[in-house]
There are 2 protein chains.
Amino acid sequence: MHVLKRGVPRVVDAEVRRRAVVDALFRVVRREGVEQASLRNVADEAGLAIGSVRHYFDSHDELLVFALRELEERVEVRMRAGVERISAAGTSGERGPLVEALLGELLPLDADRHDESVIWLAFVTAARTRPSLRPSALRLHQGVRMIVGKVLAGAVSYGALPADLDLDVERERLAALLDGLAVTAVLQPDLTTPEVMTAVLRRHLAELAR
Amino acid sequence: MHVLKRGVPRVVDAEVRRRAVVDALFRVVRREGVEQASLRNVADEAGLAIGSVRHYFDSHDELLVFALRELEERVEVRMRAGVERISAAGTSGERGPLVEALLGELLPLDADRHDESVIWLAFVTAARTRPSLRPSALRLHQGVRMIVGKVLAGAVSYGALPADLDLDVERERLAALLDGLAVTAVLQPDLTTPEVMTAVLRRHLAELAR
DNA sequence: ATTTAAGTAGCACGACCATGCTACAAACGA
DNA sequence: TCGTTTGTAGCATGGTCGTGCTACTTAAAT
């Protein structure tokens, strides 16, 4: 009945294990899609027995939910770092490239972020018919729009963008553009190269600045 | 050995039946996602026995491929009609709204096109890991970009858009915007209303025209 | 040293899946 | 009229799935 503190290393191990299982899950999803991310396939990929995976995740659904939260966190960390980098830049002249870099973090410009985008699209589309995934999917959606909104508002306040912009419309427009680029890069990677994506993003930002 | 013409009505019936099965498939996909579109579920939805469905489609995969081709055709028909409407409009003054309407055909602005977009996204993401669906997915991708490219080039030639536009970049930008709007409308329909989508599209076209 | 908990593993069950195959009815061509 | 094709239906097989459950091992706690 005593719910006191236990041996320390155990807890750490548990967290590491959960992370390892999630990484295995991500590899399966990237390679074969969410529908193939069964407990069996994930356990195999992680080099564990199916029962071991279930020790850390009570159900298949819980594993998926946890994995999507993990993805959420990774994106959030990268965004937060980008925002801080912009805040640290004093003069407005330096901010342009930093804004482009921040928004570029949402695009699959390198192999890691490509994989991340693949997993993002897989989970977020799965969330349409899986209620347990919807909260995370919604947070990701809103998070991107919040970042984009802040960036635009900040640029206006610095005089980098005209003050008469309809920020609600511009936020949705830029967010949809980023989503669209990521989606096409995931679905047709041969046709949507990093160069194309950066050119499109740069053009969009330049045009916003008139 | 005689491969001659058979009784006429049979062929018609067969085509009608295949269409009915595909419609049932679309309803299942819309409601529960591609992963639930098993032969059993589709047969139930169509009110047929599983064996009957298999009489028209030799395999599950063939059914999916046929269904995606059907979707391809529907989109193509609507696009062709829109293009003709633009070609029929003589003066350049009338073309603006027609262009907006044509590109709007690619957005889920009403219930029917919303369903169509849901199915589009489901199939096209499934195509990432299903080789048999890739050709259709690629054609849809290229088709949209061809239409968008023609529209932009036409607008330039009519003087409605500045001649110094980088059409390759603008084509990808507008196509990604349309894809992104459709995706977010499918995944977060409550947050991405038809009004938002039309406002974003209108704004983009207006800005292109400088 | 003994108890307690956590980690690992695997079996068994019921459900669902695609597909090969057979059977029967209706309609058509000869 | 007979035989062939076409539509409809259902059975059996082999596979994958999530999950409940049990067993064994390791290590920490008392």
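Residue numbers start from 1 in every chain, and the chains themselves are labelled A, B, ... in the order their sequence lines are given, proteins ahead of strands.
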* Asked: Which residues satisfy the salt bridge (Lys or Arg N to Asp or Glu O under 4.0 Å) test with B:R40, sequence neighbours excluded?
  -> none

* Can you find an N or O donor on one side and an acceptor on the other, under 3.5 Å apart, linking the side chain of A:R54 with the base of C:dG7? -> no

* Structure fact -> Numerically ordered, the residues 36-50 of chain B set in heavy-atom contact under 4.0 Å with DNA chain C is B:S38, B:L39, B:R40, B:N41, B:I50

* To do: Ignoring backbone atoms, establish whether A:S52 has a side-chain N or O less than 4.0 Å from OP1 or OP2 of C:dA9.
  => yes

* Structure fact -> Separation of C:dA18 atom P from B:H60 atom NE2, nearest Å, is 5 Å

* Would you tell me if any nitrogen or oxygen in the side chain of B:H55 comes within less than 4.0 Å of OP1 or OP2 on D:dG7? => yes

* Using a distance-only test with no angle check, is there a side-chain donor-acceptor pair under 3.5 angstrom linking A:R139 and A:S136? -> yes

* May I ask you to verify if any side-chain N or O of A:Y56 is less than 4.0 angstrom from the OP1 or OP2 atom of C:dT8? => yes

* Asked: So, B:R78 and B:E116, do they make that salt bridge, N to O below 4.0 Å?
  -> yes

* Asked: Looking at B:R19 and B:E15, does any basic side-chain N land under 4.0 Å from a carboxylate oxygen?
  -> no

* How about A:S132 and A:D61: does a side-chain donor come under 3.5 Å of a side-chain acceptor? -> yes

* Got a salt bridge between B:R173 and B:E170, using NZ or NE/NH1/NH2 to carboxylate O under 4.0 Å? -> yes

